[in-house]
Amino acid sequence: MAEEAVLGYLEHNELIKDSGEFAVEKGISHDEIVNVIKSLNGYKYVIAKDIKKEKWQLTAEGQAYAANGSPEFQLFTAIPPEGISKADLQKKVGDSVFKIGCQQANKNKWVEMGKTQVSRKVEHVDDNVKAMLVKIKDGEALNQEDIDALKRRKLISPQTWKGYSVIKGPDYAPKRKKPATDLTRENLSSGEWKELEFKKYNFSAKGFPTEGGYLHPLLKVKRQMQMIFLQMGFEEMPTNNYVESSFWNFDALFQPQQHPARDSHDTFFLKEPSTTRTLPEDYVARVKQIHESGGHGSRGYKYDWKREESNKNLLRTHTTAVSSRMLYALAQKPFVPKKYYSVDRVFRNEAVDRTHLAEFHQIEGLICDRGLSLGDLQGVLQDFFSRLGMTKLRFKPAYNPYTEPSMEIFGYHEGFKKWVEVGNSGMFRPEMLLPMGLPEDVRVIAWGLSLERPTMILYGIDNIRDLFGHKVDLGLIKSNPICRIGLQYQPDDEVSD
Ligand code: FB9
């Protein structure tokens, strides 16, 4: 109906000056008229131009006074000719009307405010305030002075009225022809295609979002890390066993059985199957030996090493457990130098916070060869991290039960303009390597880092829970950048380490 009204009116008139007045004139709601104008404008039946009008509307208080009269008027009419006590008057008109009414009536010199009594000063008064508010309500104009007075009393507030002026458009027609959106066989065979109006192609229309698979950011960075290791000539270690025995996870790494990390506060031990079945007995004996009384120049830990402790099954706390298996396997064959890496899940019974979950992905690299030194370790770290876009490294002495010397690795982050801890490293202790059967002069340099930290940094993710786990933000998984090379990250999304 609104459409016929607009198109019909323009058939005989050049312009619809004001859609608001047009709506009133046609008795159609302005919103309906506006929707039709917008749609006809879209199809170029008309050309609509915005017109804005500042107008005033009553506030809640203004509406109350427009309905019940201004408080000063209500107060005045409540005063009997002989006057009344303030208390009675207050009871009569209520607290807010009394408070505001007294101020205004007094200001208008309508009443005499005694100490306890209130009396009229004039016979009759007009409630101009109410009258003005009603005018506003009916959309009538008031002079600026009255507007300011009502504004001061917060009885009115400005409202922007938006409407349109409308003229015929390039495709104007008194009646909207539903443009054909398809050329059908019938159109062709009937020849009606000659008359038909075809809807214009909207070449900038957004196509249907193509649902497709998304690589999780962690997997993208995992791929990046794997590529770096393969390019550096490393082989991937098989990490497909989350469940590990305490022996390979701790004892083989010369980590003493009373080490704090070996109690259930840090480690998830298994109830079922609780104990490992097979271990290489001869090697176990040598590990027992080295823990209890040392050897190869080490004095060991001098404690009573328990087999049942090493039999306990757990969720591996580091992929270094896989390194110990691989190095032992390597020692069982004539020695060949090896470069191994691993990237997989490890589990630690730790407090969960913005950057820590009970599980994360550990990345580990190791090089096993004769005569390797700490310098070789620093060198390979320089090579590895420079491929991650981190060229400036610093090394801080650290301690791990299975490496001596050990170093924490810090890299300078160009984007954040600060040093970030990027991992840990060291040279595996002879107490770990020799019982395996590796030759005396074979050294193993190794380092480790997480997958989550670099991924959070590269993808600007602040909370690890958005990245991994049951609270993952799927939107992020779907909308994250294809890939992130190196660290030149946009500073605007600050992620503090
Ligand atoms: O990943 C860590 N930080 C990091 C790594 C890379 C990175 O790269 C940027 C984009 C390119 C940015 C940050 N860290 C190790 C350092 C910290 O985050 C640290 O607070 C948390 N660490 C985890 C352990 O938390 C309990 C990260 C995890 C970690 C620490 C040490 C090892 C592995 C993972 C190790 C080891 C190791 C040592 C010697 C021999 C063999 C393995």
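These figures come from a predicted structure and were not determined experimentally. Quick note: residue numbers are just sequence positions, from 1. Order of appearance sets the numbers: ligands from 1, and atoms from 1 within every ligand.
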**Q** Report the part of E350 in contact with ligand 1, treating N, CA, C, O as backbone and CB onward as side chain, heavy atoms under 4.0 Å; options are side chain, backbone, both, neither.
**A**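 Side chain only; the backbone of E350 stays clear of ligand 1.
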**Q** Among W447, F428, F360, which one puts a heavy atom closest to atom 23 (C) of ligand 1?
**A** F360
**Q** Using the ring centroid of each side chain, check whether F234 and Y340 are separated by less than 6.0 Å.
**A**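 Ring centres of Y340 and F234 not closer than 6.0 Å.
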**Q** If the threshold is 4.0 Å, N to carboxylate O, is there a salt bridge linking K306 and D304?
**A**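 Here K306 pairs with D304 in a salt bridge, since their nearest N and O are under 4.0 Å apart.
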**Q** H291 and ring-ring contact (aromatic ring centres under 6.0 Å, His included): which partner among F250, F247, Y301?
**A** Y301
**Q** Among I409, V422, L458, which residue places a heavy atom closest to atom 2 (C) of ligand 1?
**A**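 Residue with the shortest heavy-atom distance to the ligand atom: V422.
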**Q** Considering P454, S450, G365, G389, which one's heavy-atom position lies nearest to atom 6 (C) of ligand 1?
**A**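 The residue whose heavy atom sits nearest atom 6 (C) of ligand 1 is P454.
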**Q** Hey, is R348 one of the residues with a heavy atom under 4.0 angstrom from ligand 1?
**A** yes
**Q** Just checking Y328 against W248, ring centres under 6.0 Å apart?
**A**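 Yes, they do, as the ring centres are separated by less than 6.0 Å.
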**Q** Give the atoms of ligand 1, by number and element, whose distance to some non-hydrogen atom of E364 is under 4.0 Å.
**A**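 It comes down to these atoms of ligand 1: 41 (C), 42 (C).
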**Q** Please work out which of V221, V444, N424, D266 has its closest non-hydrogen atom nearest to atom 31 (C) of ligand 1.
**A**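 Looking at heavy atoms only, N424 sits closest to atom 31 (C) of ligand 1.
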**Q** Which atoms form the tightest heavy-atom contact between I47 and G169, and what is the distance?
**A** CG1-CA, 3.8 Å
**Q** Between H361 and F468, does the ring centroid distance fall short of 6.0 Å?
**A**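 Ring centroids of H361 and F468 are less than 6.0 Å from each other.
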